[in-house]
There are 2 protein chains.
Amino acid sequence: MAADIQLQGVAEELQLAVGLLVRHMRMASAGSGVTLSQVSVLKRLDREGPATVTALARAEQIRPQSLNATVSSLRSAGYVEHTAHPTDGRRKVIALTEQGRRFVRERKEAGHGRLADLMADRLSPAERQALAEAVPLLRRLAEAPSPHVPGTWTE
Amino acid sequence: MAADIQLQGVAEELQLAVGLLVRHMRMASAGSGVTLSQVSVLKRLDREGPATVTALARAEQIRPQSLNATVSSLRSAGYVEHTAHPTDGRRKVIALTEQGRRFVRERKEAGHGRLADLMADRLSPAERQALAEAVPLLRRLAEAPSPHVPGTWTE
DNA sequence: TATTGTTATACTCTATAACTATA
DNA sequence: TATAGTTATAGAGTATAACAATA
């Protein structure tokens with residue numbers, strides 16, 4: 001259960017890197033009209049399809065109230081819309097609008113810049129390979145639920 | 001200069017992971033009385049020794065004004081103190097107090113929990129090895145200056 | 001009663017702008 | 001004039017608490 005001493009060091013270094021990387025990412029998306037959290041939601045809706053507020057919040061690992069703030073901005077910007085759930089009157093389904101889909105598509109075509117450029121600039125081919133293998137592991141760690149049940153998607 | 005198509009995918013996945021991991025980290029440090037940014041500064045002062053506001057801000061990759069807010073909290077909490085720079089009257093040197101050193105030490109002894117535990121729980125030995133090799137690369141990316149010069153430390 | 005969503009409020013994190021003091 | 005630091009202000013991101021509507 002307790003992590004060994006080696007892992008401690010790796011974890012600490014990872015924590016440092018993540019803290020700095022998120023600042024890079026935030027700065028990079030600063031000029032683009034949407035914020036980091038907003039992009040995260042847009043990309044998720046694009047990848048996984050429409051979802052309820054609760055399901056989205058679980059996937060993003062934040063509270064529904066917090067997600068609501070993000071979704072409100074996206075709604076004002078015209079990127080997402082609410083529609084009624086077919087069978088459950090309490091639920092509302094959030095989906096990308098045509099404009100939202102276009103935004104995600106154009107962003108993808110523009111090349112997702114910053115991080116990819118950094119990797120191209122500062123890593124050797126072998127190092128890029130090593131990173132490519134490790135990233136799915138990071139994702140697995142990231143998607144592990146904190147003390148909660150994993151949310152079922154959309155339903 | 002432009003990253004190839006393979007890297008794009010890795011970068012995108014990395015971005016997703018980093019966004020979620022930082023939420024994990026924030027939650028993990030929530031109960032401990034200090035926030036994520038505060039911990040980052042405390043650990044840096046412990047690793048690298050006393051520093052001026054400007055140097056610290058550069059290392060943390062935020063503006064001096066932003067750093068000031070963090071340092072103010074740490075000062076109120078008694079973890080750091082300001083002292084005059086020996087030769088330059090404009091500068092102020094920030095250093096850990098005895099209490100700050102104790103805090104960092106105890107935190108280290110307690111085991112830096114969350115991330116290390118996740119790694120122990122959800123990764124095979126081979127996967128841990130792969131991650132351990134990739135983390136220094138992440139750090140290299142993270143420490144690359146955005147459009148700025150790297151700050152010289154303390155002086 | 002439990003779940004879904006919402007509104008109100010507050011605190012952290014970071015930025016920009018404008019200022020003072022020192023070099 | 002340039003640099004180091006500070007204060008004021010604002011917006012993003014998230015949390016808790018309290019509530020309404022529906023199941």
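By convention in this document, chain letters (A, B, ...) are assigned in the order of the sequence lines, proteins followed by strands, and residues within each chain are numbered from 1.
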Roughly, in whole Å, what's the span from [atom1] in [X] to [atom2] in [N]?
X       : N      : atom1 : atom2 : answer
B/Arg63 : D/dT3  : CZ    : P     : 15 Å
B/Ile62 : D/dA12 : CD1   : P     : 19 Å
B/His24 : D/dT14 : NE2   : P     : 13 Å
A/Arg58 : C/dT4  : CZ    : C1'   : 11 Å
B/Met25 : C/dT12 : CE    : P     : 18 Å
B/Met27 : D/dT16 : CE    : P     : 10 Å
A/Leu74 : D/dA12 : CG    : C1'   : 12 Å
B/Leu56 : C/dT14 : CG    : C1'   : 16 Å

How would you label the contact of B/Ala30 with the nucleic acid (heavy atoms, under 4.0 Å): base, sugar-phosphate, or nothing?
-> nothing
Closest-nucleotide 5' rank along DNA chain D - winner of B/Gly19 and B/Asp88 | B/Asp88
Residue closer to the 5' end of DNA chain D, A/Arg90 versus A/Leu67 (nearest nucleotide) | A/Leu67
Would you tell me if any nitrogen or oxygen in the side chain of [X] comes within less than 4.0 Å of OP1 or OP2 on [N]?
X       : N      : value
B/His82 : D/dT6  : yes
B/Thr35 : C/dC13 : yes
B/Ser37 : C/dC13 : yes
A/Arg23 : C/dT14 : yes
B/Thr54 : D/dG5  : yes
B/Asn68 : D/dT6  : yes

Is A/Arg114 close to B/Gln15 at the side-chain level, that is, under 4.5 Å between some pair of heavy atoms?
-> no
Can you tell which of C/dC13, C/dT6, D/dG5 lies closest to the side chain of B/Leu36?
-> C/dC13
Of B/Arg26 and B/Gln65, the one whose nearest nucleotide on DNA chain C sits closer to the 5' end is B/Arg26
Toward the 5' end of DNA chain C, which comes first, B/Thr70 or A/Pro64, by nearest nucleotide?
-> A/Pro64
For the pair B/Arg23 and A/Glu60, evaluate salt bridge (charged side-chain N to carboxylate O under 4.0 Å, His left out) and give the outcome as yes or no after the intermediate values.
-> CA-CA 9 Å; B/Arg23 286 173 184 156; A/Glu60 292 285 329; 2.9 Å; yes
Which of A/Lys108, A/Arg107, A/Arg101, A/Arg105 passes salt bridge (charged side-chain N to carboxylate O under 4.0 Å, His left out) with A/Asp46? It is A/Lys108
Could you verify whether a donor N or O on one side chain and an acceptor N or O on the other, from A/Glu12 and A/Gln8, lie under 3.5 Å apart?
-> no
Taking every heavy atom of B/Ile94 against every heavy atom of B/Leu45, the minimum-distance pair comes out as O-CD2, 3.7 Å
side-chain contact (heavy atoms from CB on, under 4.5 Å) partner of A/Leu96, chosen from A/Leu74, A/Val41, A/Leu42 = A/Leu42
When only distance counts, do a donor and an acceptor, one from the side chain of B/Ser66 and one from the base of C/dA15, lie under 3.5 Å apart?
-> yes
